[in-house]
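Okay, so here's the structure we're looking at.
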Amino acid sequence: MPLSDTTITVIGTGYVGLTTAAILANVGFKVYALDISEARLAAIKSGRSFFFEEGLDPLIEKAVKYGSLIPTNSYEESIPESKFIFSCVGTPDNPDGSSNLDFVYQAAMTSKTYLNDASIYIQKSTVPVGTGRKIETLLSDESQNIAYLSNPEFLREGTALKDLLSSDRVVIGGDNQDAKRILKELYQLVASKRNTIAELGGIPIDPVDTKYFETTLESAELIKVTSNAFLALKISFANSIAKLADRTDADIVDIMDAVGADRRIGRSFLDAGRGYGGGCFPKDVSGLIASASDYGVDLPIMTAATDVNESMPGYIANKIQHELGTLKGKKIAVLGLAFKAGTSDARKSPGVKLANIISHAAATVTVHDPQASEEAATDLRKEILLASSIDEAVKNCDAVCVATNWKDYAGLDFLQIKSIMSGNIWIDCMNMFSPIELQKAGLKYIGVGRH
Ligand code: UGA
């Protein structure tokens with residue numbers, strides 16, 4: 001049977017699961033998108049995603065219409081006929097920072113009854129090193145020997161389709177060489193259709209020379225968390241130097257442009273600002289610290305990265321206070337609640353933290369986001385006002401903070417904005433604006449490590 005005639009189940013329809021399922025369904029596979037959330041399944045059935053991700057809806061719509069993407073809540077319906085089972089369930093963090101693997105184990109244990117010797121169970125969820133070995137043992141018994149692979153996902157929210165269709169690398173870890181080979185073939189088949197799928201999603205993709213890494217289970221698990229931890233480290237490093245730049249006449253953007261031009265270092269993930277947020281970096285860093293500690297290893301370098309990151313919203317609030325004399329009674333707008341541009345995700349969002357800190361200091365805070373207001377609402381203090389337009393948010397404000405680098409904010413008419421503000425303080429929490437342009441409009445520019 002040709003590979004494309006096989007059936008696939010993707011368990012979990014979050015950012016990773018749904019994007020993977022939508023792509024595979026457009027490659028020509030029959031794909032079950034399995035989830036316990038009826039709301040998510042209903043959204044998929046109607047041809048769209050429950051979250052905002054550029055280019056994803058056309059893929060879902062086409063595949064659902066064509067019948068190749070089938071939303072279901074039934075393991076019994078989907079797993080028995082599936083050759084590949086991708087586990088993409090959530091791994092939220094426990095209060096102590098370790099990863100909560102309940103969904104990962106539940107998905108594996110529920111699947112177990114319906115798996116057969118031909119099934120390949122693939123872990124895409126980010127799990128602490130050593131988890132795969134335990135699941136492998138759980139899945140196999142005297143009656144069956146299930147191939148278990150770790151195949152971590154490196155896509156970013158906001159550029160999920162692009163990242164999946166033009167991956168720098170595919171990592172496949174495990175002991176079963178045949179299963180590894182077949183999974184690699186699946187990815188090569190996806191790569192052969194990448195241009196057509198990108199066109200359908202309306203997203204541009206660059207040519208790419210994907211590297212395949214075949215490793216042990218443990219290496220694959222560690223590759224994923226190490227990548228995220230290193231990127232988080234770069235951001236916290238940039239933020240540490242930004243604090244020093246603030247005390248001098250240095251400019252963090254100039255510094256990192258020049259430092260990052262050294263190919264040994266690289267420019268990416270050296271943008272200083274309000275720190276990292278989202279469903280991955282904060283959780284993966286704390287998960288790595290906790291799992292290393294389980295093996296008796298201290299990772300003080302990662303604890304420092306976390307501390308720096310957590311200090312950033314408060315550091316920015318102090319800057320505003322310094323400019324205004326006090327926060328009490330001042331009117332301040334925070335533009336940007338998504339943890340980054342291009343997504344409606346507001347989990348662990350630095351913009352939300354900043355708004356809460358300023359509001360807690362008795363300022364009147366209005367917030368705006370083009371996509372994430374609804375998701376952010378539950379994490380915002382009840383005193384904070386959600387504005388439905390940028391003008392409504394900034395009207396009569398003493399200071400405006402831009403906490404997410406949305407295109408809508410980059411192209412603002414600063415003269416018009418200044419004319420409806422009552423003050424002139426502009427806090428560029430993403431270092432995304434030209435200080436000169438803002439100054440020309442009569443605004444006082446305050447960046448992070450930038451004047
Ligand atoms: C991250 C990784 O980049 C992906 O490779 C990985 O697959 C994903 O986690 C995951 O584990 O699922 P993501 O969380 O979607 O992706 O977002 P990023 O683009 O990495 O941004 C994370 C945070 O860092 C954002 O809040 C962003 O604003 C911030 N950031 C990023 C900075 O503050 N400075 C930078 O220079 C870059």
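Numbers here are sequence positions counted from 1. Predicted model only: the values in this text are computed from it and were never measured. Read the numbers this way: they start at 1 and go in the same order the structure lists the ligands and their atoms.
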Q | SB check Asp57 Arg48 (cutoff 4.0 Å) | A | no
(Q) With nothing but distance in play, are any N or O atoms of Leu155 less than 3.5 Å from an N or O of ligand 1? (A) yes
Q | Asn26 side-chain N/O to Ala22 backbone N/O, donor-acceptor pair under 3.5 Å | A | yes
Q) Are Ser388 and Glu392 close enough that a side-chain donor and a side-chain acceptor fall under 3.5 Å? A) yes
Q: Look at the aromatic rings of Tyr276 and Phe281 and report parallel, tilted or perpendicular, splitting at 30° and 60°.
A: perpendicular
Q.
Quick check: Asn228 and ligand 1, any N/O pair under 3.5 Å apart?
A. yes
Q: Could you name the option among Met430, Arg274, Glu153 that has the heavy atom nearest to atom 27 (C) of ligand 1?
A: Arg274
(Q) Treating Lys353 as the side-chain partner and Lys348 as the backbone partner, does any N or O pair qualify as donor plus acceptor under 3.5 Å? (A) no
Q. Quick one: does Ser268 get an N or O within less than 3.5 Å of an N or O on ligand 1?
A. no
Q.
I'd like to know if the side chain of Thr404 pairs up with that of Lys340 as donor and acceptor (distance under 3.5 Å, no hydrogens or angles considered).
A. no
Q) Can the ring centroids of Tyr445 and Phe433 be said to lie less than 6.0 angstrom from one another? A) no
Q.
Using a 4.0 Å cutoff against the non-hydrogen atoms of Gly275, which atoms of ligand 1 qualify?
A. 33 (O)
Q) Is it true that Lys234 and Asp271 have a side-chain N and a carboxylate O under 4.0 angstrom from each other? A) no
**Q.** Atom indices of ligand 1, in the order listed, that fall short of 4.0 Å to a heavy atom of Lys224
**A.** 6 (C), 7 (O), 10 (C), 11 (O), 12 (O)
Q) Any idea which part of Phe281 is under 4.0 Å from ligand 1, heavy-atom wise: side chain, backbone, both or neither? A) side chain
**Q.** For atom 4 (C) of ligand 1, the protein heavy atom that lies nearest, with its residue and separation
**A.** Phe154 O, 3.3 Å
Q | atom 15 (O) of ligand 1 [closest protein heavy-atom partner, distance rounded to 0.1 Å] | A | Glu157 N, 2.7 Å
Q. Which atoms of ligand 1 sit under 4.0 Å from any heavy atom of Asp284?
A. 11 (O)
Q: Looking only at protein heavy atoms, identify the closest one to atom 13 (P) of ligand 1 and say how far it is in Å.
A: Lys340 NZ, 3.8 Å
Q. Can you tell me if Ser240 uses its side chain to pair, donor with acceptor, with the backbone of Ser236 under 3.5 Å?
A. yes
Q: Flag Asp271 as yes when one of its N or O atoms lies below 3.5 Å from any N or O atom of ligand 1, and as no otherwise.
A: yes
Q. Under 4.0 angstrom from ligand 1, any heavy atom of Lys234?
A. no
Q. Where the closest heavy atom to atom 20 (O) of ligand 1 is concerned, which of Phe269, Tyr276, Phe339 has it?
A. Phe269
Q | Gap separating the NZ atom of Lys180 from the CZ atom of Phe213, nearest 0.5 angstrom | A | 13.5 Å
Q. Is any side-chain N of the basic residue among Asp428 and Arg450 closer than 4.0 Å to the acidic one's carboxylate O?
A. yes
Q) Identify the closest protein heavy atom to atom 9 (O) of ligand 1: which residue and atom is it, and at what distance? A) Cys280 CB, 3.2 Å
**Q.** atom 16 (O) of ligand 1 - nearest protein heavy atom and its distance
**A.** Arg156 CG, 3.5 Å
Q) Taking both backbone and side-chain atoms of Ile235, is any N or O found less than 3.5 Å from an N or O belonging to ligand 1? A) no
